[in-house]
Amino acid sequence: MARMGLNDSKAGMTGLDKQKINRIILEATKGSRFYNNEMRKEKQATERVTRLKAKLTKITQAQRLAALDELKRMENQLETTRDLSRFIVHVDMDAFYAAIEIRDNPSLADKPMAVGGTGMMLTSNYIARRYGVRAAMPGFIGKRLCPDLVFVKPNSAKYAQASKEVRAILAEYDPNFASVSLDEAYMDLTEYLEGRKCTFPSSHVEFTVPQQDLTEDMLKILNEVAPPTVDGVDSYNNCSSNSSIRKVSFGHTIEDVMREIRFKINRKTKLTASAGIGPNKMLAKICSDWKKPNGQFKVEFTRDKIIEFMRQLPTRKISGIGKVSERLLNEIEISNCKELYDKRDLIYLLFSNVSTKFFLAVAMGIGSNEVSSKNYQRKSISCERTFGEISRLADMLVKCQKLCDNLANHMKKENITGRCLTVKLKTVAFEVKQRSVSLKHHTNSTTEMFNIASEVIRSERLACQPERLRLRLMGIKMSTLKRHESDEKSIQDTLTRYFNKYDENCSQSQSTINEASKSFINIEQHKLDEKSKLDKVTCYFSKYDENSSQLQSTMKEASKNCDNMEKVTCPVCDQFYVYKSDETSWLALLNSHIDTCLQQPETMKPSQSHNDSVGSSKGKGVKRRKLQHNRMQPTTGNKTLHNFWQAKDNTHQ
DNA sequence: GCGGATCAC
DNA sequence: GATGGTGATCCGC
C-alpha cells in the first residue's frame with residue numbers, strides 16, 4: 001500500500017533497502033485501526049484519481065490549445081514578478097533534536113538513535129535513518145526496523161535554548177529573519193552583503209581557534225571551496241596556521257558569508273547547519289536540502305540556470321507538494337518539473353486556478369522573496385490532545401474543560417479573542433470530525449468556550465446514535481481573531497501575578513491544578529469567617545436545585561449586593577457554582593470539583609448508556625437529567641448559534 | 001461560512 | 001504496548 005510506504009523524499013534516505021523496510025512497516029501496521037483508516041483514505045484518494053482520469057479523457061485538442069493561450073498570459077504575468085535581486089537563504093539545522101542529544105551524550109554518536117518514545121519519534125540520527133527510521137514514525141515501528149534503536153526522551157527546553165543561540169547569530173546578519181520552526185529559518189542577506197562589500201576587506205572578522213578545537217565539522221566548513229566571485233576577488237579563506245592557533249576569516253560573497261554563519265553556529269552550539277541560497281524562498285529551501293548535512297548550495301541567479309535547475313527536480317521536493325498531490329500528478333505522468341511545465345495545459349484543465357498558478361510558478365522557479373515576518377498575525381489558535389479511548393459524556397466534558405482552560409490561557413496571554421469556535425473530534429477509528437460555530441461576539445472566556453464546545457459534543461454524541469461516539473482525540477480551535485492592545489494586558493498580568501501566583505501554573509499539570517484549588521479553598525474558607533454571606537456563596541457548589549426557593553433568594557441577595565455574579569454548571573453532576581466574574585480561581589475550583597465528582601460511584605454520573613442525554617437515568621439522576629436538558633442553551637445565545645442548534649435538532653428527528 | 005483534506009514541521 | 005500537536009490553506013459545497 002503506497003500510503004504506508006516509507007517516505008524517502010528527505011535527506012539521508014538514499015540507497016537503502018526500501019522493499020525490506022516497507023515489508024517490515026506493513027507487517028507492523030497491518031490490521032491496526034490506524035492502518036484501516038489509511039486504507040480508507042487511500043480509497044478516497046483513488047476515487048479522486050478516477051475522477052481526474054475521467055476528466056482527462058474528455059479533454060479535446062481545441063481545449064488544450066485554448067488553455068495554452070491563456071497560460072501564455074499567466075506565464076507572462078508571472079515572469080514580470082521574477083526578481084533575481086535579493087539573496088534569500090534558508091538555514092536548516094541537521095537532525096536538530098538528535099544532534100543536540102548526541103552533543104550532550106557522545107556515547108550515542110555511533111548508535112542508531114531517535115528522539116521520542118515508543119509512541120512517536122520526533123527525529124532520528126543519520127545512522128538510524130539508514131534503517132528507514134525517521135521523524136513522525138511511531139517508535140515501536142522504529143524498533144522493528146532497527147532493534148538496536150536507542151530512544152532519548154525529548155528535552156524541549158534544551159532545544160529552545162539551542163534555537164535561541166542560533167537565532168541570535170542569524171539576527172546579526174538579518175534582524176528581520178523569519179524562523180519557521182526551532183530548527184529552520186529564512187534570511188534576506190541582500191542589505192548585509194552590500195554593507196560587507198563596501199567595507200571589505202578592512203572590516204572582515206577574524207576567528208581565532210585553538211587547533212585542538214577544530215572539529216571535523218568545522219574543517220568541512222572551512223574546506224568547502226566556493227566558486228570564484230563575480231568581480232574577480234578571490235573568496236577569502238585565510239588560514240594562517242602556526243603551531244597551536246588557527247586564524248580563519250571569510251570573504252564577502254554570499255557563500256562566504258553563509259559559511260561564516262554556519263561556522264559561528266557550529267562554534268557556539270557544536271551543531272551543524274545546512275543552507276540553501278537562491279533568489280526566493282522556494283529555491284532557497286530546495287537548495288538547503290541539496291548538500292545536507294553540514295553543507296550548502298547556491299543556485300545560479302539567472303533565469304535560464306534556474307529553469308534548468310528546476311527541470312530535473314522531482315515534484316515531491318517542492319514544499320507544498322505532498323503525498324497526495326504527487327500521486328495526482330503521477331497519474332498524468334508528471335514526476336518532475338520539466339513534465340510539470342510541458343503538461344501545463346493539462347494542469348490548467350484539470351486543476352483549480354489557484355493550483356495552476358502555483359504549479360506554473362514552481363516550474364518557472366518563481367516564488368516569494370518576502371522574508372520579514374514583522375506583520376505576521378496568527379489566524380487561529382488551538383489546543384488538542386490524544387488520550388486513551390473515552391466514550392462517556394462526563395469524560396468528554398472533563399477533557400473539553402481542560403482544553404478550553406488551556407486555550408483561554410493562551411489567548412489571554414496573547415491578548416486575543418476569537419469569534420469562531422471549532423471542536424475537533426477524532427474517533428478511535430482515526431476518523432476526524434470538525435464542527436464550528438460562529439459567535440455573535442469575540443471571546444476568550446473559558447466559560448463561554450466550554451458552554452459552546454460541550455454543547456457541540458453532546459450534539460455529536462446524539463448524531464451518531466445508536467452507535468457510541470468513541471474518541472481518541474479532542475481539540476478546540478478559535479479563529480476569526482481580534483487583537484487587543486496591551487494596556488489591558490499589562491494590568492491583567494499584574495493583577496494575575498499579584499493575587500493568583502499559584503494560578504500561573506494552572507495549565508501545566510493536573511496535580512498543580514488540584515493543589516491550586518485546594519489552596520484556594522483553604523484561603524477562601526479562612527476568609528469566610530469574617531466575610532459576608534455573598535462570599536460564602538462563591539465558595540461552594542450549590543447544594544440546591546436550580547429552581548429551589550432557597551437558591552433564588554440567595555441569588556437575589558447576591559445581585560442586590562453585587563452585580564457581577566456568574567454561574568457555571570458542573571458537567572458531571574449538574575450542580576452549579578456561583579462566582580464573581582472578576583474572580584480568577586473558579587476554574588481550578590471547578591476542576592477540583594469535577595475530579596471529586598468523577599470519583600463518585602457510577603450511578604452518580606451521567607451514564608454511558610445511549611440514553612444519557614435524553615433523561616432516562618434512574619433515581620436521583622432523573623431530576624438532574626431533566627434539568628440539564630432544559631438548561632443547556634449556550635450562554636452566548638445568539639441568532640447564528642440558535643440556528644445551529646435548531647438545524648442540529650432537526651437532523652436528529 | 002462549513003467540513004473535509006492536504007501540507008509542513 | 002497500541003501512529004502527535006499547531007497552524008495554514010484549498011476545494012467543494
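Everything numeric in this text was worked out from a predicted model, so none of it was measured. In what follows, chains carry the letters A, B, and so on, assigned in the order in which the sequence lines appear, proteins first and then strands, with residues in each chain numbered from 1.
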Counting heavy atoms from C-beta on, name the nucleotide in [options] closest to the side chain of [X].
{"X": "A/Ser325", "options": "B/dC7, C/dT3, C/dG4", "result": "B/dC7"}
{"X": "A/Tyr376", "options": "C/dC10, B/dA5, C/dG7", "result": "C/dG7"}
{"X": "A/Arg316", "options": "C/dT3, C/dG7, B/dA8", "result": "B/dA8"}
{"X": "A/Phe430", "options": "C/dG5, C/dT3, B/dA5", "result": "C/dT3"}
{"X": "A/Val324", "options": "B/dC7, C/dT3, B/dA5", "result": "B/dC7"}
{"X": "A/Ile381", "options": "C/dA2, C/dG7, B/dT6", "result": "C/dG7"}
{"X": "A/Ser438", "options": "C/dG4, B/dG1, C/dG7", "result": "B/dG1"}
{"X": "A/Thr118", "options": "B/dC7, C/dA2, C/dT3", "result": "C/dA2"}
{"X": "A/Phe140", "options": "C/dT6, C/dC10, C/dT3", "result": "C/dT3"}
{"X": "A/Thr386", "options": "C/dT3, C/dT9, C/dG5", "result": "C/dG5"}

Starting at [atom1] of [X] and ending at [atom2] of [N], how long is that distance when rounded to a whole Å?
{"X": "A/Arg378", "N": "C/dT9", "atom1": "CZ", "atom2": "P", "answer": "13 Å"}
{"X": "A/Ile141", "N": "C/dG4", "atom1": "CD1", "atom2": "P", "answer": "11 Å"}
{"X": "A/Lys426", "N": "C/dT3", "atom1": "NZ", "atom2": "C1'", "answer": "8 Å"}
{"X": "A/Arg144", "N": "C/dG1", "atom1": "CZ", "atom2": "P", "answer": "15 Å"}
{"X": "A/Gln377", "N": "C/dT9", "atom1": "CD", "atom2": "P", "answer": "13 Å"}
{"X": "A/Asn37", "N": "B/dT6", "atom1": "CG", "atom2": "P", "answer": "11 Å"}
{"X": "A/Lys424", "N": "C/dT6", "atom1": "NZ", "atom2": "P", "answer": "9 Å"}
{"X": "A/Met411", "N": "C/dG7", "atom1": "CE", "atom2": "P", "answer": "11 Å"}

> Between A/Phe177, A/Phe297, A/Tyr186, which is the residue that forms a ring pair (Phe, Tyr, Trp, His ring centres under 6.0 Å) with A/His90?
Replying inline: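 For A/His90, the ring pair (Phe, Tyr, Trp, His ring centres under 6.0 Å) test succeeds with only one of A/Phe177, A/Phe297, A/Tyr186, which is A/Tyr186.
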Looking at every strand, decide which applies to [X] at a 4.0 Å heavy-atom threshold: base, sugar-phosphate, or nothing.
{"X": "A/Leu182", "value": "nothing"}
{"X": "A/Ala136", "value": "base"}
{"X": "A/Ile318", "value": "sugar-phosphate"}
{"X": "A/Arg385", "value": "sugar-phosphate"}
{"X": "A/Lys477", "value": "nothing"}

Does [X] make a side-chain N or O approach to OP1 or OP2 of [N] shorter than 4.0 Å?
{"X": "A/Arg327", "N": "B/dT6", "result": "no"}
{"X": "A/Gln434", "N": "B/dC2", "result": "no"}
{"X": "A/Arg435", "N": "B/dG4", "result": "yes"}
{"X": "A/Thr422", "N": "B/dG3", "result": "no"}
{"X": "A/Arg472", "N": "C/dT3", "result": "yes"}
{"X": "A/Ser436", "N": "B/dG3", "result": "yes"}
{"X": "A/Ser355", "N": "C/dC10", "result": "no"}

> Quick one: the side chain of A/Ser32 and the base of C/dT3, do they pair up donor-acceptor inside 3.5 Å?
Replying inline: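 Flag unset: no donor-acceptor pair detected.
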Could you tell me which non-hydrogen atom of [X] sits nearest to which non-hydrogen atom of [Y], and how far apart they are?
{"X": "A/Lys292", "Y": "A/Ser274", "answer": "CG-OG, 3.3 Å"}
{"X": "A/Leu52", "Y": "A/Leu350", "answer": "O-CD2, 3.8 Å"}
{"X": "A/Ile476", "Y": "A/Ala453", "answer": "CD1-CB, 3.7 Å"}

>> Please compare A/Ile321 and A/Gln44 by the position of their nearest nucleotide in DNA chain B and report the one closer to 5'.
In response: A/Gln44
> Quick one: on DNA chain B, does A/Val180 or A/Ala45 contact a more 5' nucleotide (nearest heavy atom)?
Replying inline: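 Here A/Ala45 is the residue nearer the 5' end.
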>> If you assign each of A/Cys383 and A/Phe351 to its closest nucleotide in DNA chain C, which residue comes earlier from the 5' end?
In response: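 Its nucleotide being nearer the 5' end, the pick is A/Cys383.
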> Which comes earlier along DNA chain C counting from the 5' end, the contact point of A/Arg48 or that of A/Leu473, where each point is its nearest nucleotide?
Replying inline: A/Leu473
> Looking at A/Asn125, A/Asp183, A/Thr123, A/Val152, which hits side chain to side chain contact (heavy atoms under 4.5 Å, CB included) with A/Tyr97?
Replying inline: A/Thr123
> Can you tell me how far C1' in C/dG4 sits from the matching atom in B/dC7, rounded to whole Å?
Replying inline: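 To the nearest whole Å, 15 Å.
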> What's the verdict on salt bridge (charged side-chain N to carboxylate O under 4.0 Å, His left out) for A/Arg144 and A/Glu27, showing C-alpha distance, side-chain angles and the deciding distance?
Replying inline: CA-CA 10 Å; A/Arg144 289 212 200 179; A/Glu27 275 169 17; 5.5 Å; no
>> Against the six-membered ring of A/Phe387, is A/Arg385 placed for a cation-pi contact (under 6.0 Å from the centre, within 45° of the normal)?
In response: no
> Between OG1 of A/Thr356 and CG of A/Asp345, what distance do you get to the nearest 0.5 Å?
Replying inline: 10.5 Å
